[in-house]
Amino acid sequence: MITFANIWDDKILDPIRSFLNTEFAGTIPIYTGDFKDMGSQSIRISPVGSDSIDRMANAELREYILDVSYTFKEKNIKKDTWEHILRQVSRIEALFFSNMNNTFFDGLLEDARINEKTEEEEVIEGLNVVRWEWRGKFLGNIT
């Protein structure tokens, strides 16, 4: 029987959920998995895949990819609402930057997009989405 670590959960998702929950302390729900209508705002972390970067005799370097989205409900977005939204977006980006080397390394949010919605998100009236691709590396399967 092989020995292994659940890298996805223990080394990628849990540390990210932890620093997000610490920062937002219950003011913004943080969740993983399929889209859920979580109220006025939320942050969703969804695994997309991983790419093999390098294989060594005693370890494997992989790059893990996540879809990270910040959702908020507002039908008529006015100037002060945009200021709040963009402040939250900048806060999320700064938080990920501060934690780029956690249990993983080189963890970066890339390419923010506003209101590129999935089918599930499209049906929620007044829902707005800021979405990033996150990529981070982890050296695992060390023998």
Side-chain angles (χ1 to χ4, degrees), residues 2-56 59-143:
I2 65 167
T3 302
F4 71 98
N6 185 342
I7 296 169
W8 273 107
D9 232 17
D10 298 343
K11 306 299 182 183
I12 307 296
L13 295 169
D14 283 350
I16 291 173
R17 281 189 295 255
S18 178
F19 69 70
L20 288 170
N21 280 320
T22 297
E23 179 70 17
F24 294 107
T27 60
I28 298 177
I30 314 297
Y31 71 100
T32 304
D34 293 335
F35 173 75
K36 298 177 205 164
D37 186 358
M38 298 290 283
S40 64
Q41 59 182 347
S42 65
I43 297 172
R44 177 177 166 240
I45 307 160
S46 183
V48 173
S50 70
D51 295 327
S52 177
I53 303 295
D54 194 13
R55 289 193 175 135
M56 295 143 264
E60 177 183 34
L61 178 62
R62 296 190 74 78
E63 182 174 58
Y64 292 83
I65 306 158
L66 305 174
D67 177 70
V68 178
S69 58
Y70 166 61
T71 59
F72 55 94
K73 285 185 189 170
E74 187 70 39
K75 291 179 188 176
N76 299 313
I77 301 178
K78 298 181 178 149
K79 183 180 185 280
D80 58 337
T81 306
W82 269 119
E83 288 173 1
H84 170 75
I85 291 162
L86 296 176
R87 185 173 38 257
Q88 293 291 53
V89 167
S90 292
R91 187 176 176 191
I92 292 166
E93 289 173 342
L95 187 58
F96 272 88
F97 182 79
S98 293
N99 286 278
M100 74 169 55
N101 294 309
N102 200 301
T103 56
F104 45 80
F105 62 97
D106 291 341
L108 298 172
L109 284 179
E110 300 178 351
D111 306 328
R113 297 290 179 253
I114 298 172
N115 283 334
E116 285 186 0
K117 300 177 189 175
T118 64
E119 277 185 44
E120 298 88 9
E121 294 165 342
E122 283 289 344
V123 299
I124 309 294
E125 187 176 348
L127 187 72
N128 296 276
V129 180
V130 177
R131 174 168 278 112
W132 300 265
E133 178 180 85
W134 178 90
R135 290 178 172 265
K137 297 177 180 81
F138 186 82
L139 184 66
N141 297 321
I142 299 170
T143 57

Count the heavy atoms of every other residue, nucleotide or ligand shown that sit under 6.0 Å from [atom1] of [X], and state whether that count exceeds 12.
{"X": "Glu125", "atom1": "CD", "value": "no"}
{"X": "Lys11", "atom1": "NZ", "value": "no"}
{"X": "Asp34", "atom1": "CG", "value": "no"}
{"X": "Arg55", "atom1": "CZ", "value": "no"}
{"X": "Phe97", "atom1": "CZ", "value": "no"}

task: Could you please spell out the steps behind the side-chain contact (heavy atoms from CB on, under 4.5 Å) verdict for Leu20 and Ile45?
output: CA-CA 10 Å; Leu20 288 170; Ile45 307 160; 3.7 Å; yes

Separation of [Y] [atom2] from [X] [atom1] (nearest 0.5 Å):
{"X": "Ile53", "Y": "Leu139", "atom1": "CD1", "atom2": "CG", "answer": "11.5 Å"}
{"X": "Gln88", "Y": "Thr27", "atom1": "CD", "atom2": "OG1", "answer": "7.0 Å"}
{"X": "Glu121", "Y": "Ser69", "atom1": "CD", "atom2": "OG", "answer": "5.5 Å"}
{"X": "Glu23", "Y": "Ile30", "atom1": "CD", "atom2": "CD1", "answer": "10.0 Å"}
{"X": "Ile12", "Y": "Thr32", "atom1": "CD1", "atom2": "OG1", "answer": "12.0 Å"}

[X] side chain near [Y] side chain, heavy-atom distance below 4.5 Å:
{"X": "Asn101", "Y": "Asp106", "value": "yes"}
{"X": "Ile92", "Y": "Val130", "value": "no"}
{"X": "Ile16", "Y": "Trp134", "value": "yes"}
{"X": "Phe104", "Y": "Lys137", "value": "no"}
{"X": "Met56", "Y": "Leu61", "value": "yes"}
{"X": "Ile7", "Y": "Tyr64", "value": "yes"}

Give the minimum heavy-atom separation between [X] and [Y], together with the two atoms involved.
{"X": "Ile28", "Y": "Ser42", "answer": "CG2-CA, 3.6 Å"}
{"X": "Pro47", "Y": "Leu66", "answer": "CA-CD2, 3.6 Å"}
{"X": "Val123", "Y": "Glu120", "answer": "CG2-O, 3.2 Å"}
{"X": "Phe24", "Y": "Leu95", "answer": "CE1-CD2, 4.2 Å"}
{"X": "Met100", "Y": "Leu108", "answer": "CE-CD2, 3.7 Å"}
{"X": "Leu127", "Y": "Asn115", "answer": "O-OD1, 4.2 Å"}

- request: Go through Gln41 and His84 one step at a time and tell me if the side-chain contact (heavy atoms from CB on, under 4.5 Å) criterion holds.
  value: CA-CA 12 Å; Gln41 59 182 347; His84 170 75; 4.0 Å; yes

- prompt: Where the side chain of Ser90 meets the backbone of Leu86, is there a donor-acceptor pair that is under 3.5 Å apart?
  reply: yes

field: Polar side-chain atom of Tyr31 near backbone of Lys36 as donor-acceptor pair, under 3.5 Å
entry: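 Yes; at least one donor-acceptor contact below 3.5 Å.
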
I'd like to know if [X] and [Y] make a salt bridge, using a cut-off of under 4.0 Å between side-chain N and carboxylate O.
{"X": "Arg131", "Y": "Glu116", "answer": "no"}
{"X": "Asp9", "Y": "Arg17", "answer": "yes"}
{"X": "Glu60", "Y": "Arg62", "answer": "yes"}
{"X": "Asp37", "Y": "Lys73", "answer": "yes"}

query: When you look at Ser46 and Phe35, which way does the side-chain contact (heavy atoms from CB on, under 4.5 Å) test go after all the steps?
result: CA-CA 9 Å; Ser46 183; Phe35 173 75; over 6 Å; no

- prompt: Phe96 pairs by ring-ring contact (aromatic ring centres under 6.0 Å, His included) with which of Tyr70, Phe19, Trp132?
  reply: Phe19

Trace of the side-chain contact (heavy atoms from CB on, under 4.5 Å) decision for Val68 with Leu109: CA-CA 8 Å; Val68 178; Leu109 284 179; 4.1 Å; yes

Asp67, Asp111, Asp51 screened by salt bridge (charged side-chain N to carboxylate O under 4.0 Å, His left out) with Arg135, the one that passes: Asp51

